[in-house]
Amino acid sequence: MRHTISMLLENESGALSRVAGLFSARGYNIESLTVAPTEDETLSRLTLVTNGSEDVIEQITKQLNKLVDVVKLVDLTEGQHIEREMLLIKVNAGGATRAEIRRVVDEYRARILEESETTCTIELTGASETLDAFVTAVSRAGIIEVVRSGVSGIARGENSLRV
Amino acid sequence: MELTGADIFVRCLADEGVEYVFGYPGGAALHIYDALYRQDKVKHILVRHEQGAAHAADGYARATGRPGVVLVTSGPGVTNTITGIATAYMDSIPLVVFSGQVPTSLIGDDAFQEVDAVGITRPCVKHNFLVKDVKDLAATIKKAFYIASTGRPGPVLVDIPKDITAHKCEYEYPRTVSMRSYTPVTDGDPVLIRQAVDLMLSAKRPMIYTGGGIVLGEASAALTELVRLLDYPCTNTLMGLGGYPATDPLFVGMLGMHGTYEANMAMHECDVLIGIGARFDDRVTGDLSKFCPHARIIHVDVDPSSISKNVPAAIPVVGAAEPVMREMIKLVNASDRKPDKQALVAWWKQIGQWRAMNCLDFDRDSKLIKPQYVLEKLYQLTGGDAYITSDVGQHQMWAAQFYKFDKPRRWINSGGLGTMGFGLPAAMGVKLAFPDATVACVTGEASIQMCIQELSTCKQYDLPIVIVNLNNRYMGMVRQWQEFFYDRRYSHSYMDALPDFVKLSEAYGHVGFKIEQPGDVEGAIKEALKMKDRLVFLDFITDQTENVYPMIAAGKGQHEMHLNPCKAVVPTDRELA
Ligand SMILES: Cc1ncc(C[n+]2csc(CCOP(=O)(O)OP(=O)(O)O)c2C)c(N)n1
């Protein structure tokens with residue numbers, strides 16, 4: 001099953017490579033991984049999406065927790081949570097396709113960031129499946145470039161991940 | 001007063017109570033070596049190869065329970081320690097390894113003797129650090145010792161760039177450490193411990209299976225008390241030997257690939273398995289699908305990731321072996337329920353029948369020296385009280401089978417990584433820690449050559465170790481597998497052109513004996529034990545066809561042991577010549 005695991009990491013050089021190294025050393029999958037500092041500059045927040053049987057996910061969370069740089073960890077999939085991902089996409093937008101692209105952009109409540117004579121650069125934030133659907137919808141125009149941020153996630157309601 | 005990083009380093013070690021540093025100098029570590037020269041608190045042992053330093057520190061740590069300390073230079077200095085670090089990592093041994101690094105300004109430039117020590121060691125350390133500011137040096141060293149020696153212990157590397165060892169700052173060694181991201185648990189969950197005890201007491205065919213966690217966690221006394229209180233059979237893993245007294249009738253021997261018939265059969269037939277400080281690794285379980293088919297499993301371990309990793313536990317208890325077993329003892333004593341006497345009588349009767357197979361028996365009338373016989377004699381003549389280090393191979397298994405360890409920390413071997421070359425340097429660490437104890441290194445003619453250079457270190461520091469070389473002129477364990485699984489195609493497992501070990505020992509300034517007759521075994525060991533101030537190399541020319549039994553082949557269940565000590569058909573020296 002797909003799991004979204006979120007953690008607070010010491011903001012130390014090398015912390016990220018410990019996480020990534022664990023996944024390669026033990027043969028776990030990483031579907032996506034995002035990391036950035038938090039309001040507390042000594043901590044980064046890392047969210048990763050992985051796949052595996054329940055046993056494997058249990059091992060992954062235990063092994064991650066064992067890393068000295070991991071301060072706190074939550075498997076968001078175990079509770080109600082929100083996941084968001086950001087997409088930047090550049091598509092062909094010459095001639096008649098531009099109108100079609102605008103229509104799709106409106107439908108998905110995406111945003112056109114920039115237009116040139118032949119291209120259009122769009123931003124969309126949402127659940128990963130929405131992004132997938134959007135990419136399919138504009139693909140007929142001809143995709144030039146796709147940039148996805150990877151998933152970040154947060155628990156719903158009063159649950160939170162903090163030290 | 002401000003001190004240089006190098007002086008701070010040495011002061012930290014002294015304040016940490018470090019007795020010995022095992023090391024080898026080089027450019028990036030020279031400020032530190034200069035600081036070592038100017039003090040007399042910390043003793044430095046100069047090895048002949050950095051791998052030896054890591055194994056020696058490891059042996060010291062295994063024998064004493066205190067972290068072993070290594071100091072090496074950058075580049076090849078630190079890469080040479082990798083095998084030693086990985087060895088310690090696999091067996092959860094506390095080591096603190098300090099490596100010199102090129103100056104901070106040169107890091108990343110492919111400078112002379114630069115290697116990414118933190119990157120290269122990352123998969124085989126518990127944690128590592130690169131010190132970037134002299135002001136962080138003391139606190140980092142404190143953390144390194146703390147992390148290495150608490151929770152599930154393990155090696156920690158601290159990489160120190162050369163300029164940091166020249167920079168100055170005020171020195172103060174932190175008295176305590178607290179890390180928000182590292183808080184090892186010790187006490188187990190009382191609810192789970194209670195459930196565990198209930199299950200234990202409901203058993204008809206119980207089995208207590210313990211590993212290195214008992215030794216590392218100083219939990220032998222608690223284990224012995226618990227086992228005797230329950231009257232349950234106890235088996236130890238290769239790493240756990242000495243955790244329970246081997247001469248006790250409740251001990252059924254080592255389990256696993258070369259474990260005893262009774263231990264493996266009792267594992268297979270038990271209805272409740274109590275695993276404590278052991279990790280259910282593949283050399284113990286055999287084929288997982290056939291493992292303990294009737295058992296409900298209790299698993300106590302200080303490392304949560306060890307629990308349910310290979311075998312799902314019905315009752316997982318995260319906690320250190322000692323406090324958890326103390327709690328168990330309390331609960332058993334307080335419980336109305338007592339172990340099922342009647343069921344136990346039947347169970348012990350069954351175990352007695354398995355025992356009667358006498359699975360470790362060997363040919364005592366042989367005209368050739370049987371390796372098992374040498375170890376049996378070594379056991380008798382040292383009164384079972386020596387520190388035994390070993391290398392890897394058949395000799396290691398025979399040592400584990402035939403030397404009955406009644407105390408923890410006496411059996412020192414590379415279980416997890418299986419590192420040939422470990423035995424001799426490890427023995428140096430043990431001998432330094434316990435100069436008055438008998439320290440013997442049980443080895444094979446292939447293994448001993450992997451760190452043979454350390455004979456020179458033994459000379460320099462007067463380390464009278466007894467080397468018991470079971471010389472079968474084969475990489476015996478490899479040969480055994482080739483005999484069993486490769487149709488006797490002995491591909492590259494014969495050690496041609498062996499050195500004359502007696503002359504070699506003499507060249508290094510030691511004493512060597514070659515023993516070729518079974519009748520000379522006892523005398524030679526006695527002689528070696530008498531020479532208290534000399535290292536003695538005993539080169540036993542053993543029967544090269546001998547195999548280690550019992551054996552569970554890969555893919556087999558614990559109950560599917562090879563027991564038949566059929567003679568191996570292998571070309572002997574003469575036929576090959
Ligand atoms: C560094 C290393 N290389 C290779 C091996 C694989 N290996 C395991 S046992 C063994 C043979 C050991 O031979 P010897 O030391 O003579 O001991 P014996 O089995 O004959 O008692 C080998 C090559 C190993 N364990 N470690």
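Proteins get letters first, then strands, A, B, ... in listed order; numbering begins at 1 in each.
The side chain to side chain donor-acceptor pair (under 3.5 Å) pairs that include a residue from residues 153-162 of chain A number zero, where partners must be two or more places apart or lie in different chains.
Using a 4.5 Å cut-off between heavy atoms, V68(A) contacts chain B through both its backbone and its side chain. With a threshold of 4.5 angstrom between heavy atoms, R122(B) approaches chain A through side-chain atoms but not through N, CA, C or O.
With sequence neighbours excluded, the residues that form a ring-ring contact (aromatic ring centres under 6.0 Å, His included) with F280(B) are Y209(B), F291(B), H299(B).
Within a 6.0 Å radius of CG in L33(A), more than 12 heavy atoms belonging to other residues, nucleotides or ligands are found. Within a 6.0 Å radius of CZ in R140(A), no more than 12 heavy atoms belonging to other residues, nucleotides or ligands are found. Within a 6.0 Å sphere centred on CZ of R2(A), heavy atoms belonging to other residues, nucleotides or ligands number more than 12. The number of heavy atoms from other shown groups lying within 6.0 Å of NZ (K90(A)) does not exceed 12. Within 6.0 Å of the CG atom in D106(A), the count of heavy atoms belonging to other residues, nucleotides or ligands exceeds 12.
Residues M179(B) and D69(A) fail the side-chain proximity criterion, which asks for heavy atoms closer than 4.5 Å.
Heavy atoms only, all atoms of each residue included: S308(B) and K62(A) are closest at CB-NZ, 4.5 Å.
The interface of residues 126-152 of chain B with chain A, defined by heavy-atom distances below 4.5 Å, comprises K126(B), H127(B), N128(B), K132(B), I147(B), R152(B). Residues of residues 46-60 of chain A having a heavy atom under 4.5 Å from any heavy atom of chain B, listed by number: E58(A), Q59(A).
Counting heavy-atom pairs under 4.5 Å between each of G21(A), A25(A), S17(A), S13(A) and chain B puts S17(A) at the top.
Atom NZ of K66(A) sits about 10.5 Å away from atom OH of Y182(B), to the nearest 0.5 Å. Atom-to-atom distance recorded for L73(A):CG and S181(B):OG is 13.0 Å, nearest 0.5 angstrom.
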